[in-house]
Amino acid sequence: MVVTTPSGQFKTSCPSSFFFSSQPRRLFRAKMASSSSPCASLSRNFSSRRNLHFHPSRNDPSISTTNISSSNLFRRPVSIEDPLPVICKRVRGYLWVHCLASVASVNQSNPTSSLPPLLIYNPDNFDYEDRKNTSTNPEHSLDLWRQESKRLNQNKLDENEKRRQLELKTSHGTEDSNKNSKGSPDGSYYVGQSFSGSSTCSPKLDTVEVNGQSRPICQPEVQNGRSGELISVNGRVNHKWKINSPLKENSNKDVHFNGSNRQHLETAEGNSASKGGAKFDGTQKPKAISTGHHKNLSRIYDEVVVVNNISDAQKVVGLLTTEYRDLVHACDTEVASIDVKKETPVNHGEIICFSIYSGETADYGNGKSCIWVDVLDGGGRELLMEFAPFFEDSSIKKVWHNYSFDSHVIENYGIKISGFHADTMHMARLWDSARRTEGGYSLEALTSDSRVMNEAQSCRNRELIGKISMKTIFGKKKLKRDGSEGKLTIIPPVEELQREEPILWTCYSALDSMSTLQLFESLQKKLEKMEWISNGKLEGSMFKFYEKYWRPFGELLVKLETEGMLVNCAYLAEIQKVATREQQIAADRFRKWAARYCPDAMHMNVGSDAQLRQLFFGGTLNSNDPNEALPLSRSFKVPNTDNVIEEGKKDPSKFRNITLCSLGVTMETEIYTASGWPSVSGDALKTLAGKVSSEYDWTDDEDISTDQKIKKEVDDSYGTAYEAFGREKEGKEACHAIAALCEVCSIDSLLSNFILPLQSNNISGKNGRIHCSLNINTETGRLSARRPNLQNQPALEKDRYKIRQAFIAAPGNSLIVADYGQLELRILAHLANCRSMKDAFKAGGDFHSRTAMNMYSHIREAVEKQEVLLEWHPQSSDDKSPVPLLKDAFGSERRKAKMLNFSIAYGKTPVGLARDWKVSVKEAKATVNLWYSDRKEVLYWQKERKEEANTIGSVKTLLGRTRSFPSLRGASNSHKGHIERAAINTPVQGSAADVAMCAMLEISKNARLRELGWKLLLQVHDEVILEGPAESAEVAKAIVVECMSKPFDGTNILSVDLAVDAKCAQNWYAAK
DNA sequence: ACTAAAAGCGCC
DNA sequence: AAAGGGCGCTTTTAGT
């Protein structure tokens, strides 16, 4: 897409989202590149970079259509109600906007004839003259657009309906409608909502693998590492480390999974027999196996019963459900057609095979003990369904490694798994929560660790204990051009392996379930040897803990994931428009200002830290190493937005260099990054800007009211940039400009972290519900959420676009959002048995005010004399308290008290507080002492925990989970400090997690809630969200509050009450 | 072309 | 000598 002016020259500053600007001034035309895309209904791309400049993408490989992974996309269906057919994606920071070709295309020879003018508007540059000259007008073309999208949408719906019908007829799979026949080269063809997930078994039509980047085999128990050496620089703590990320360490480092993993089941029902037969008819010999691994692995084959036809399946299922029904069975699936890094397994992924291992005593034929079922080619679905009686039998014990994933994938076939017995990943976490830095929790890492496996019972293949990674077995070094081996390891797609290397693949896959069972046995023994002390009482072994809590909890979490949260995508699309517009305005403000000092700043990427750092702090020394300094000016490669033709070149190149110099004044900063460079974080920028508005328009002073408002602002609301720029108008302008920059950054963050990804298809299943994965994978026992992380959605005050409003209840339903009040502080009061805190909680009311009162005698006196009130609950809107409230009269004291309440549980030091409060360390220390003076028990308890960590090397939570600190020995002092703070915090945070877990179990156990149809959807540490019929919302709310207040089998074992606040509403925002 | 590191930011 | 715990995710940039 090329953006031109009427004269044919390229223009910049054409924001992407100004479809309906209220004050358009110039119309930009879009020139349609002739497209060979099969999806002619889409235009080429409009592109805009993160700095929201439009630029032509003609010859730009970085934004060419071919290298865009479809998974980068978010798509919006063209609906009748919402006719803007926008398909955006982010590629290396650039926002792409696709528009319908019929609308966006333009006749090149006569540009005015066919371009609908509303495509993209820029309010600053709209040319009224131009508009007059065109025969089209925005209103008219909007109608055209609506008609066109309606028509297209209808076509797609019809097509989809046909397909669905077809799928209902054919019982499994569909014809490969692969990437060649669908979609444009970038995979960005139109997909309506109804397109995805229309059949659990069907190939996903809305995704196309472009680069084969995705990981085809799915064991998403592996995740990024986090932990390591702590370094801190100028008052900032940073975790600088590289710790074994199991994923990278074991399987994915330098591994390239070749080819598409988007292929799927073939139709060919008739092939079933021949294919299956050909594979394992006994005439085929294993391929020559050279490596030791392969040799060992192939021995597994003697243990494996290959099931690839119905009658064999019936035979083994018969054994599983009768003779061997009382054994513990380990199960594992292998799944294709899913990108586990980006997609939820709910309504995604296809099983190509699975294995069941019941221990060596089982005999499924010829003495073979492991079942391996081929469900890839032909008849696979029927074969899988034969196993439903086994999977669905609640009395048959099944063990999994990362149950969540396998459960979802199997449930995609309509099988409701029951009989969950254990998840070895959770057991391993319970046994040792510190493996993140010691190998992780992947099946491979666990089963290859003799410390984990030494309790496994001996088995015939003793030397084979342990999973072997795909990389080890199937990885091949990619050959370089000269024939030598490259660094990159290539692994073919799993379907290919299953077809091309059937024996090795069978062994690999069967080994997973065999390893899982052995791992289970070993971990069970280990947990049985661990004492379980809950709230000071010996309760038995930690395996009992597992059975009582984490087994049902693990199962519950899967249910939550399956439910998912309903998201209002139309709303998100709306706020996206608003956010993009506001970001654009702010970005323009900043850029115009910056260009006065450094012309090239007009074209800079305000999303680039390096460029900002150069602009503001060019020449500044590195605070770690005074021998290093930022250069005075530096050149950056930016996309050639303006198609500037550089010297000696004919055509404009894709990129060009801009030179950023510093602004010419010395900016002071106290905030540095870990590596010693000046920070350009939001905090740092806000220090420069001060608390001033970003609205200031310094280019024209016509807006008097704004001007007056500015004048009223006192000087001290300006930040440090005011002084740096000479304390005059220039200084003020600098502050306003930097404030605008802050706004750009924060809006950008909201957009790219929340608004855009929430609209993506790959994290939602059918029905527009988002299914994040909830993991028990933290050191403290808290949950974490991924894909997407629903636990960090913007909270009330900061949620300027009310993103939580997008999380809604289904029609006729309502949400209940219930959260604990000061859960961690209550836990601390209980654990430390702190009189003062417990009294304050017993008294109720505003805890922080009460803390302030207890800290400061003058406040206490004021309260006693009834000069101020601790709290006031107005009965009506004009009901005012007779005397001032404490939080108003003694605001700063209460703020300090509140800050301390939260900080002390985390182990914050006086130095840190002094920095936050901008007071001396001495003063901060005095305040901290004031806090402790009334809470000696807390001080003592914290000291105990530190000693416990130092002597025993571990601490415990309320319900008796242990967190150990293996890295304690040989730790540096700063590392030791970190461990001690963690030792203080873990019992608090971990016990709070225990309470939240119990509350969820209590809620899920509640028969009444179940009858009423209420279901848990999500947990955010001290908050749970449920959805159910609106008519029973109030009843359900009361039950939820009851469950949460008495979460331990209907009682509260704590010595403090648990305060619960609950609300019902249609969306998450309203319910808080 | 792919990856890792660094920086930053969202939540409780 | 530094100085708040626990997470997940995105982006840019540099290195291979």
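Naming convention: chains lettered A, B, ... in sequence-line order (proteins, then strands); numbering from 1 in each chain.
- Comparing dG5(C), dG8(C), dG10(B) against the side chain of P794(A) picks out dG10(B) as the nearest.
- Remark: C1' of dC12(B) and CZ of F902(A) are 9 Å apart, rounded to the nearest angstrom.
- The pair E743(A)-R800(A) meets the salt-bridge criterion, with a side-chain N (NZ, NE, NH1 or NH2) lying under 4.0 Å from an Asp/Glu carboxylate O.
- Nucleic acid contact for E1023(A): none, since no nucleic acid atom lies under 4.0 Å from a heavy atom of the residue.
- The distance between atom CG of L751(A) and atom C1' of dG8(B), rounded to the nearest whole Å, is 16 Å.
- Note on S903(A): a base of the nucleic acid sits closer than 4.0 angstrom, heavy atoms only.
- Here the nucleotide nearest the side chain of Q611(A), chosen from dG4(C), dT13(C), dC11(B), is dT13(C).
- Closest approach of W941(A) to A832(A), counting heavy atoms only: CB-CB, 3.7 Å.
- Backbone-only contact: R634(A) has heavy atoms under 4.0 Å from sugar-phosphate atoms and none from a base.
- Taking atom CG of D916(A) as the reference point, atom P of dG5(C) lies 13 Å away to the nearest angstrom.
- At the phosphate of dG8(B), OP1 or OP2 sits under 4.0 Å from a side-chain N or O atom of S679(A).
- Within a 6.0 Å radius of NZ in K976(A), other residues, nucleotides and ligands contribute 12 heavy atoms or fewer.
- A donor and an acceptor atom never sit less than 3.5 Å apart when one is taken from the side chain of E779(A) and the other from the base of dG6(C).
- Across the protein-nucleic acid pair, H975(A) atom NE2 and dA1(C) atom P stand 19 Å apart, rounded to whole Å.
- In this structure, N973(A) reaches the bases: a heavy-atom distance under 4.0 Å links it to at least one base atom across the strands shown.
- Residue H978(A) places at least one side-chain N or O under 4.0 Å from the OP1 or OP2 atom of dG5(C).
- Of all nucleotides present, only dT12(C) satisfies the Watson-Crick or G-U wobble test against dA5(B), with each distance under 3.5 Å.
- What you find for A1062(A) and A818(A) is that their closest heavy atoms are CB-CB, 3.7 Å.
- Using a 4.0 Å cut-off, some side-chain N or O of R981(A) falls inside it from OP1 or OP2 of dG5(C).
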Next item on the list: Evaluate ring-ring contact (aromatic ring centres under 6.0 Å, His included) for H1021(A) paired with Y820(A), printing each intermediate quantity in order.
Entry: CA-CA 9 Å; H1021(A) 310 309; Y820(A) 284 112; over 10 Å; no
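- With dC12(B), dG8(C), dG8(B) as the choices, the nucleotide that has an atom nearest any side-chain atom of N789(A) turns out to be dG8(C).
- The distance between atom CG of L823(A) and atom C1' of dG5(C), rounded to the nearest whole Å, is 15 Å.
- Between S752(A) and dT10(C) there is no side-chain polar atom (N or O) within less than 4.0 angstrom of OP1 or OP2.
- F636(A) has its ring centre no less than 6.0 Å from the ring centre of H603(A).
- At a threshold of 4.0 angstrom between heavy atoms, the contacts of G912(A) are confined to the sugar-phosphate backbone, with no base atom among them.
- With dC7(C), dC11(B), dG8(B) as the choices, the nucleotide that has an atom nearest any side-chain atom of V680(A) turns out to be dG8(B).
- Between K637(A) and dT12(C), a side-chain N or O to OP1/OP2 separation shorter than 4.0 Å is absent.
- Stacking is not found between Y906(A) and the pyrimidine-like six-membered ring of the dG4(C) base under the 5.5 Å centre-distance and 30° plane-angle cut-offs.
- Pair check for dG4(C) finds none; no Watson-Crick or G-U wobble contact set falls under 3.5 Å.
- Within the 4.0 angstrom heavy-atom criterion, no nucleotide atom of any strand lies near A993(A).
- Side chain of R786(A), nearest nucleotide from dG5(C), dC9(C), dG8(B): dC9(C).
- Comparing dC9(B), dG6(C), dG8(C) by their nearest atom to the side chain of S749(A) picks out dC9(B).
- In this model, the phosphate group of dT13(C) is approached by a side-chain N or O of S608(A) to a distance below 4.0 Å at OP1 or OP2.
- With S608(A) contributing its side chain and M604(A) its backbone, the two residues share no donor-acceptor pair below 3.5 Å.
- Nearest nucleotide to the R613(A) side chain, out of dC12(B), dC9(C), dG8(B): dG8(B).
- The distance between atom CE of M899(A) and atom C1' of dC12(B), rounded to the nearest whole Å, is 16 Å.
- Side chain of T909(A), nearest nucleotide from dG10(B), dG4(C), dG8(B): dG4(C).
- Look at R782(A) and you won't find any side-chain N or O under 4.0 angstrom from OP1 or OP2 of dC11(B).
- If you check every strand for non-hydrogen atoms under 4.0 Å, G990(A) touches nothing.
- Neither OP1 nor OP2 of dG5(C) sits under 4.0 Å from any side-chain N or O of H1021(A).
- At dC11(B), none of the side-chain N or O atoms of N753(A) fall inside 4.0 Å of OP1 or OP2 (strictly under the cut-off).
- E824(A) places its CD atom 12 Å from the C1' atom of dC11(B), with the value rounded to the nearest Å.
- Between F807(A) and W1068(A), the two ring planes are perpendicular [angle over 60°; tilted spans 30° to 60°].
- Rounding to whole angstrom units, CG of residue L1018(A) and P of dC11(B) are separated by 15 Å.
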